Amino acid sequence: MTKNQTLFLSLPLKFFLFLFCLFSAAQAQIYPVQVTPVLVPPYPLHINEYYGGTTERLAVILTNTDLQKPVLNVRLRMYI
């Protein structure tokens with residue numbers, strides 16, 4: 001084989017190996033709890049206005065997606 005034929009054969013092989021490594025490593029994490037934040041309009045401009053004592057403008061819906069564990073202890077963290 002010539003040098004060009006070797007390069008031509010090795011390029012598709014490298015590409016196939018790259019795709020194989022990319023798709024085998026790309027797996028989604030499955031969390032047992034799904035968090036859905038709900039904002040009620042009108043949307044406030046400041047973060048401290050999301051809860052004013054009597055009116056809740058930010059609500060969080062927690063959904064347990066793990067059918068094997070009907071009760072889970074959950075901690076929520078919020079970063080701004």
Side-chain angles (χ1 to χ4, degrees):
M1 270 193 225
T2 66
K3 187 175 182 180
N4 289 339
Q5 289 175 337
T6 306
L7 180 63
F8 179 75
L9 291 176
S10 66
L11 187 61
L13 181 62
K14 289 178 184 178
F15 181 72
F16 175 76
L17 287 175
F18 171 74
L19 287 179
F20 178 76
C21 292
L22 180 69
F23 287 117
S24 66
Q27 297 176 358
Q29 279 185 316
I30 300 173
Y31 292 105
V33 176
Q34 182 180 5
V35 179
T36 307
V38 178
L39 297 173
V40 179
Y43 306 116
L45 297 176
H46 303 288
I47 193 75
N48 61 351
E49 295 175 356
Y50 278 104
Y51 182 77
T54 58
T55 59
E56 298 175 359
R57 296 181 181 245
L58 174 64
V60 178
I61 300 172
L62 300 175
T63 306
N64 186 0
T65 58
D66 189 1
L67 299 176
Q68 300 296 323
K69 296 181 182 177
V71 178
L72 293 172
N73 294 328
V74 178
R75 294 184 195 180
L76 295 178
R77 293 184 192 175
M78 184 172 150
Y79 295 101
I80 300 173

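The first residue of the sequence shown is numbered 1, and numbering continues consecutively from there. Everything quoted here is computed from the prediction, not taken from an experiment.
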Legend entry - Residues clustering with L45 (ILVMFWY side chains joined when closer than 4.5 Å, directly or via others): none

Legend entry - Contacts of V60 that satisfy side chain to side chain contact (heavy atoms under 4.5 Å, CB included) - sequence neighbours left out: V35, L62, L76

Inset, instruction - Could you list who else is in I61's hydrophobic cluster, with ILVMFWY side chains joined at under 4.5 Å, directly or through other members? - result: V38

Legend entry - Counterpart residues, side chain to side chain contact (heavy atoms under 4.5 Å, CB included), relative to N64 (two or more places apart): D66, L72

Inset, instruction - Heavy atoms only: give me the nearest V74-V33 pair and the separation to one decimal. - result: CG2-CG2, 3.8 Å

